[in-house]
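Please read the structure below before turning to the comments.
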Amino acid sequence: MSNGLSYPVSATVTATQTRTHQVTTSVGVAAQLTEQLTINVSTQIVQIRSTAIGVSTSFEVQPNQTVYADYGVHAYQVSYYVEKWRARGSLCEEWGYYPSTVTAPTYIEGWQLRLG
């Protein structure tokens, strides 16, 4: 909302959309033990978050200013890794390192007002 006037104005904004956030991340590690047998190790993160947005917020815009109103869902940046190890005689050695990062939404949602 931009106010090009010489006095403050009131503004109301409403978010009217439905959004579903789904995060699915898989890391798979396979090691061939024999010609016929394979072992698989995997991990999976699944996060589903639905928002039905129909909320409003009101604010005042000062003279000759612009205010942006963003509505959204807060999220975490999750980093993890999988390490694969194997036995070599009486020793263990690292055989693979698989880092990954995923954005996982939270239950927190709301308005963020910022000046432009």
Side-chain angles (χ1 to χ4, degrees):
M1 168 79 183
S2 291
N3 179 8
L5 304 173
S6 60
Y7 53 88
V9 295
S10 295
T12 300
V13 291
T14 303
T16 56
Q17 60 181 331
T18 300
R19 204 176 269 173
T20 300
H21 305 273
Q22 180 171 345
V23 176
T24 305
T25 300
S26 296
V27 174
V29 178
Q32 190 72 34
L33 298 178
T34 67
E35 292 289 325
Q36 293 81 23
L37 179 63
T38 300
I39 244 178
N40 287 301
V41 178
S42 65
T43 182
Q44 190 172 59
I45 297 173
V46 177
Q47 174 71 30
I48 299 173
R49 175 76 174 110
S50 293
T51 60
I53 301 171
V55 293
S56 298
T57 189
S58 296
F59 51 92
E60 192 170 86
V61 183
Q62 297 302 314
N64 301 307
Q65 282 192 335
T66 299
V67 175
Y68 294 97
D70 300 314
Y71 193 90
V73 175
H74 291 262
Y76 288 107
Q77 190 77 13
V78 179
S79 297
Y80 62 95
Y81 64 91
V82 174
E83 285 183 306
K84 186 166 72 169
W85 293 80
R86 71 176 176 178
R88 190 168 197 164
S90 62
L91 301 174
C92 286
E93 66 180 6
E94 186 176 8
W95 200 26
Y97 180 80
Y98 306 91
S100 190
T101 302
V102 65
T103 302
T106 69
Y107 64 91
I108 301 168
E109 57 185 273
W111 287 101
Q112 180 181 27
L113 302 177
R114 58 187 170 88
L115 294 176

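What you see below is based on every heavy atom in this structure, not just the backbone, and it leaves out hydrogens, waters and symmetry mates. The structure presented is a predicted model; accordingly, all values stated were derived computationally and were not measured. Numbering starts at 1 and runs along the sequence shown.
- Here the OH-OG distance, from Tyr71 to Ser56, works out to 10.0 Å after rounding to the nearest 0.5 Å.
- Expressed to the nearest 0.5 Å, how far CD of Glu60 lies from CG of Leu113 amounts to 12.5 Å.
- The salt bridge (charged side-chain N to carboxylate O under 4.0 Å, His left out) search around Glu94 returns none, not counting sequence neighbours.
- Residues that satisfy the side-chain contact (heavy atoms from CB on, under 4.5 Å) test with Ser79, not counting sequence neighbours, are Thr101.
- Counting heavy atoms of neighbouring residues, nucleotides and ligands inside a 6.0 Å radius, atom OH of Tyr68 does not exceed 12 of them.
- Taking OG1 from Thr66 and CG from Asn3, the interatomic distance works out to 8.5 Å, rounded to the nearest 0.5 Å.
- Contact annotation: the side chain of Val55 never approaches that of Glu109 to less than 4.5 Å [non-hydrogen atoms, C-beta and beyond].
- Hydrophobic clustering places Leu115 together with Val61 (ILVMFWY residues linked when any side-chain heavy atoms are closer than 4.5 Å, directly or through intermediates).
- Heavy-atom minimum distance, Phe59 versus Val67: CE1-CG1, 3.6 Å.
- Here salt bridge (Lys or Arg N to Asp or Glu O under 4.0 Å) pairs that include residues 62-71, with residues two or more places apart or in two chains, are Asp70-Arg114.
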